[in-house]
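Residues take their numbers from the sequence shown, with the count starting at 1. As a basis for the values below, the full set of heavy atoms in this structure was taken, side chains included, without hydrogen atoms, waters or symmetry mates.
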Amino acid sequence: MGCDGGTIPKRHELVKGPRKVEKVDKNAELVARWYYCALSQEKLCRPIVACELGRLYNKDAIIEFLLDKSADKTPMEAASHIKSIKNVTELNLADNPAWSGDKESIKGDKYDDIQSARFICPVVGLEMNGRHRFCFLRNCGCVFSERALKEIKSEVCHKCGVPFQEEDVIILNGNKEDVEVLKKRMEDRRLKSKLEKKSKKCKSAESASRQDTAEDSPGPSKTKNGKDCISSSSGEKRQIIFTKSSDNGNSSVPGKVNKASSTTTKRSIADSEEKSEAYKSIFTSHSSAKRSKEECSNWITHTAYYF
């Protein structure tokens, strides 16, 4: 069919060449990265958080993603490196006074300016629409343009005054090179934190073992003999022990124990000839303290004093 009635076909109608590579609209790409959540693809709304690679998320979407422990959970490339809520930082954003996107109802008869952004840099005033490079501080979450950090060099945050280092500056929605650098920093940071946790556990275990050994080993107060202890305070009672040496009949000095007394055998007071009967009758070892069989009934339990 065709080619009749004097029609002349052109070359592009007869010959099929290679397909042209479809180019992504830059404006649409910027809108998707700066205005929508990288995980849920919903519009960004406060509270907004950012990961260590500089991607923007809704905090609700991150919490739902972390709480979902089901087996059929679909792996997300945009949040595969987020293991806990500590891996993201809540952003402290400055509102753009000229932006009125949520205030007016869009009916379709109004031009939607995608160049105007909801947030701006609090130092320079640049809009955060993707045309300019923005970054945030991992310590406090404040967001600034890269131009503000380069023009006003400081080791303290321009907004809240928290000190920061160069490693704490994370670029938002950076290019491939920026993402590779941030990924390397993230891996080094996590490895360092793991090593610090292990060292803390080892130190706590060592301190616990030292305490146990200190409790088991006798202290200097335990090694002393109880007979040699004489309290120095005036309110306490003083214990004075008199020991009789085997060689001499003289008593030893109060508060000191004779070494020869430790070698002598213990004797009962009832067998000693030096003590009087009145003194011996005080103790239970005296014959008067023992009961005879006639005095005891058959139902009374005999104690050691009976025999």
inquiry  = Between Asp168 and Arg138 (side chain of the first, backbone of the second, donor and acceptor by atom type, cut-off under 3.5 Å), is there such a pair?
reply    = no
ask   = Could you give all pairs that pass the salt bridge (charged side-chain N to carboxylate O under 4.0 Å, His left out) test and reach residues 192-207, with sequence neighbours left out?
value = none
Cluster overlap Ile62 with Leu67, hydrophobic side-chain contacts below 4.5 Å = yes
ask   = So which heavy atom on Ala61 is nearest to which on Leu39, and how close?
value = O-CD2, 3.5 Å
task = Only counting residues at least two apart or in another chain, list the ones meeting ring-ring contact (aromatic ring centres under 6.0 Å, His included) with Tyr279.
result = Phe283
remark   = For Glu146, the side chain to side chain donor-acceptor pair (under 3.5 Å) test, sequence neighbours excluded, returns Arg133
remark   = Hits for side chain to side chain donor-acceptor pair (under 3.5 Å) against Glu277, two or more places apart or cross-chain, chain-then-number order -> His286
query = Do Leu126 and Ile171 share a hydrophobic cluster (ILVMFWY, side-chain heavy atoms under 4.5 Å, transitive)?
reply = no
message = Does Gln41, at its CD atom, have more than 12 non-hydrogen atoms belonging to other residues, nucleotides or ligands within less than 6.0 Å?
response = yes
remark   = Rounded to the nearest 0.5 Å, the NZ atom of Lys43 sits from the OH atom of Tyr35 at a distance of 9.0 Å
query = Between Asn139 and Val162, is there a donor-acceptor pair closer than 3.5 Å when you use the side chain of the first and the backbone of the second?
reply = no
Whether Ser207 side chain and Ser204 backbone form a donor-acceptor pair below 3.5 Å = yes
query = Listed by chain and number, what are the side chain to side chain donor-acceptor pair (under 3.5 Å) partners of Arg46, not counting sequence neighbours?
reply = Asp95
query = Who passes side-chain contact (heavy atoms from CB on, under 4.5 Å) against Leu91, sequence neighbours left out?
reply = Ile48, Ala50, Leu56, Leu93, Phe136, Val143
message = Same cluster or not: Phe65 versus Ile85, using hydrophobic residues (I, L, V, M, F, W, Y) connected whenever any side-chain heavy atoms lie under 4.5 Å apart?
response = yes
message = Asp60: which residues meet the side-chain contact (heavy atoms from CB on, under 4.5 Å) condition with it, sequence neighbours left out?
response = none
message = Distance check, rounded to the nearest 0.5 Å: Arg185 atom CZ versus Leu53 atom CG?
response = 12.0 Å
query = Residues in side chain to side chain donor-acceptor pair (under 3.5 Å) with Arg190, at least two apart?
reply = Glu52
ask   = What are the two closest heavy atoms between Asn58 and Ser40, and how far apart are they?
value = ND2-OG, 4.3 Å
key: For Cys142 against Cys160, the heavy-atom pair lying closest together   = SG-SG, 3.8 Å
Please report, to 0.1 Å, the donor-acceptor pairs under 3.5 Å made by any side chain of residues 148-155, with sequence neighbours excluded.
{"from": "Ser154", "atom 1": "OG", "to": "Val156", "atom 2": "N", "distance (Å)": "3.1"}
{"from": "Ser154", "atom 1": "OG", "to": "Val156", "atom 2": "O", "distance (Å)": "3.2"}

query = Please, which pairs that meet salt bridge (charged side-chain N to carboxylate O under 4.0 Å, His left out) have at least one residue in residues 76-91, sequence neighbours excluded?
reply = Lys59-Glu90
key: side chain to side chain contact (heavy atoms under 4.5 Å, CB included), paired with Cys51, selected from Ile170, Ile82, Asn87   = Ile82
ask   = So, Tyr36 side chain and Tyr57 main chain: donor-acceptor pair closer than 3.5 Å or not?
value = no
ask   = With sequence neighbours excluded, what pairs up with Glu64 under the side-chain contact (heavy atoms from CB on, under 4.5 Å) test?
value = none
ask   = Checking side chain to side chain contact (heavy atoms under 4.5 Å, CB included) for the pair Cys140/Asn92: CA distance, chi angles, key distance, verdict?
value = CA-CA 8 Å; Cys140 57; Asn92 186 11; over 6 Å; no
request  = Please check if Val179 and Phe134 belong to a single hydrophobic cluster, counting links between Ile, Leu, Val, Met, Phe, Trp and Tyr side chain heavy atoms closer than 4.5 Å.
outcome  = no
query = Asn96 and Glu127: side-chain donor and acceptor closer than 3.5 Å?
reply = yes
request  = Walk me through it: do Ser145 and His132 pass the test side chain to side chain contact (heavy atoms under 4.5 Å, CB included)?
outcome  = CA-CA 7 Å; Ser145 62; His132 309 281; 5.6 Å; no
key: Test log, rule side chain to side chain contact (heavy atoms under 4.5 Å, CB included), inputs Leu30 and Arg131   = CA-CA 8 Å; Leu30 291 176; Arg131 300 290 177 182; 3.9 Å; yes
query = With the 4.5 Å side-chain cut-off for hydrophobic clustering, are Val88 and Ile63 part of the same group?
reply = yes
query = Taking all non-hydrogen atoms of both residues, which atom of Gly174 and which atom of Arg33 are closest, and how far apart?
reply = O-NH2, 3.2 Å
query = Who are the ring-ring contact (aromatic ring centres under 6.0 Å, His included) partners of Phe144, not counting sequence neighbours?
reply = His158
task = Please answer whether the main-chain N or O of Asp178 pairs with a side-chain N or O of Asn175 as donor and acceptor at a distance below 3.5 Å.
result = yes
remark   = One should read off an interatomic distance between Glu29 CD and Asn173 CG, to the nearest 0.5 angstrom, of 9.5 Å
